[in-house]
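Working notes, structure below.
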Amino acid sequence: MRPDRRHPPAAGASRRTAGRSAYHAQPTSRAETYGRYLLMRAKVRLAYRGDFLLNAAGDLLVAAIGVVFLWAIFSHVPDIRGWQFSEVLFVWGMAETATGVFFVLFQGLWHVNQRYLLQGELDRVLLRPLDPYLQVLLDNINLEDLPVCLLGLGMMAFALPGLPALSAAQWLLLPVFLASSVATLGGVLTGVSAAGFRVHHRGTAVGLIYQGAVFNRYPLDIFPTALQRLLTYVVPFAFTAFYPATWYLGRPEWWPFVVAQPLVGALSLWLGVRLWKQGLGSYRSPGS
Amino acid sequence: MRAAWALVWASLRLGATLVLAYRLEVVVQIASASIVALLNWSLWAAIYQGRETVAGRTAEEMTTYVVVAWIVTTFYGNQLDRWLGARFRTGGIAVDLLRPWSLQAHLYLRDLGRAGCALLLTTLPLFVWTQALLPLRAPRDPRVWAAFGVSLLLAHAISFGFSWLVGVASFRLRNAAGLAHLKATIISMFSGALIPLDLYPAPLRAVILWLPFQGMSHVPANIFTEAVPVGLLWQPLAVQAAWGAVLAVLGVWAFRHATARIVIQGG
């Protein structure tokens with residue numbers, strides 16, 4: 001066993017050494033190849049270490065605005081349409097956790113239009129014997145948003161004392177609900193970014209999806225009915241925090257949606273990836 | 001003198017042209033700001049259910065405040081810090097520095113051109129649809145409208161001041177994306193764009209009102225909701241103007257320091 005393969009040089013090592021060892025040691029499995037992809041990404045980001053930290057701090061601060069916002073509102077009112085502080089905090093925390101993981105994993109889709117399609121970086125991706133979709137994701141893994149997930153989990157933990165005690169099943173299913181929330185967010189974005197294969201555009205419209213996703217932080221029933229339907233049946237962001245959270249808040253009115261939530265996640269991601277792969281079939285290189 | 005005016009006009013027009021070049025972005029911006037305005041409005045409408053006042057404001061005042069505070073960001077919001085950072089990274093800044101005029105003044109005017117164009121294409125349409133469809137209130141007094149217009153212009157100057165400072169900081173930091181991010185966060189926390197400043201507890205609020213950020217969204221929204229008596233309208237405007245001037249002077253100073261010893265990256 002070659003030791004340098006199991007223990008790749010630390011990020012601080014000179015680039016040339018790192019590059020050479022990665023090149024010479026053949027990866028043995030697909031998982032290892034993807035692991036190296038991740039490692040390279042971490043190295044690239046840490047090249048500007050100060051900037052990395054500032055970015056992480058910035059993302060954390062953006063997320064922390066939510067805490068300040070909720071605290072400011074609830075220092076003036078005891079509830080929003082019957083929702084107590086700890087309930088809103090739990091929904092918000094769940095949304096923040098799922099959105100954080102979503103940002104870590106799916107950041108690459110933001111650049112699909114501009115970088116991969118208009119500037120033709122997809123050519124490079126297509127030349128490699130790995131799944132292009134996964135390459136685009138792994139190329140852009142965004143570790144800066146990990147602290148945001150922690151903040152989200154912290155918000156949920158902070159809300160717990162104000163909620164009914166959780167059962168073992170609720171603890172066990174929490175990761176499932178969170179994973180499905182991430183899959184829903186990722187699936188929608190994947191599907192939308194797939195449009196870039198047909199409509200050649202800089203892709204700022206993709207950002208609208210994120211803008212719409214912030215609705216998932218609030219109890220759904222504070223919104224007008226039309227908006228509630230939109231967030232359930234058209235762009236299913238209500239499934240990315242609110243519906244699963246209702247089970248933890250001891251509100252039984254929405255149980256069919258809680259049960260459906262894991263399915264919605266799987267379906268969204270499947271559909272999104274399918275659209276993406278279909279779009280990929282019609283990719284024409286810009287030649288630049 | 002005529003040449004100077006021609007330069008001013010050319011800078012303004014360049015900014016406007018850049019907006020018009022990406023017309024689809026305008027639509028996206030309207031859609032995006034509409035989503036946020038709708039979200040804020042629904043949230044506040046829900047908060048006011050069964051309540052007369054929150055933080056000393058009526059439902060109508062508060063919903064107007066949050067919607068206006070967000071809409072005005074489409075006027076003053078700019079990406080100049082990122083643009084300057086990119087110019088530095090690509091080495092294009094060398095060309096910008098060679099030009100025989102003040103880069104700061106040129107970019108200010110250019111962004112004013114962008115803002116003017118955004119006012120007609122984005123900000124005003126947003127005002128029109130929110131006023132038409134949501135139960136908001138608009139001021140009747142023309143003096144309030146005039147003060148609101150001036151406060152928008154000054155909010156833009158403050159916003160430009162910060163973007164310029166962060167952009168210039170990238171000359172030293174090499175990569176200021178993180179700093180730009182931090183700036184955006186602080187602005188959304190203390191400008192009133194996301195969190196109405198009246199919600200903060202009194203001591204914290206007093207501090208925030210001394211900071212320049214409140215001149216960006218809070219002052220225009222406060223004026224628009226007629227929270228400032230007509231006779232005292234000059235006060236927030238004077239504070240805004242003072243901050244705009246302070247930031248501009250700081251910008252001149254920072255630029256001089258940053259370019260005294262600048263590393264130009266390969267072209």
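Within every chain, numbering begins at 1; the chains are lettered A, B, ... in the order of the sequence lines, protein sequences first and strands thereafter. What you see is a predicted model; the values in this text were computed from it and never measured.
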Checking heavy atoms, do the side chain of B:L43, its backbone, both or neither come under 4.5 Å from chain A? both

For A:Y116 and A:N140, test the side chains for any donor-to-acceptor distance below 3.5 angstrom and give the result as yes or no. yes

With only heavy atoms counted, which part of A:Y218 is less than 4.5 Å from chain B, the side chain, the backbone, both or neither? side chain

Among the options B:P196, B:A55, B:S188, pick out the one with the most heavy-atom pairs lying under 4.5 Å from chain A. B:A55

Establish, for the pair B:R57 and B:W44, whether the NZ or CZ atom is under 6.0 angstrom from the six-membered ring centre and no further than 45 degrees off its axis. no

With no hydrogens and no angle check, do the side chains of B:Y76 and B:S217 hold a donor and an acceptor under 3.5 Å apart? yes

Can B:R205 be said to sit on top of B:W210's aromatic six-ring, NZ or CZ under 6.0 Å from centre and within 45° of the ring axis? no

Proximity breakdown for B:D198 and chain A, heavy-atom pairs closer than 4.5 Å: backbone

Classify the side-chain pair B:T225/B:T64 by whether it contains a donor and acceptor separated by less than 3.5 Å. no

Chain B contact via A:D221 - which portion, at a heavy-atom distance below 4.5 Å: neither

Identify which part of A:W71 has an atom lying under 4.5 Å from any heavy atom of chain B, answering side chain, backbone, both or neither. side chain

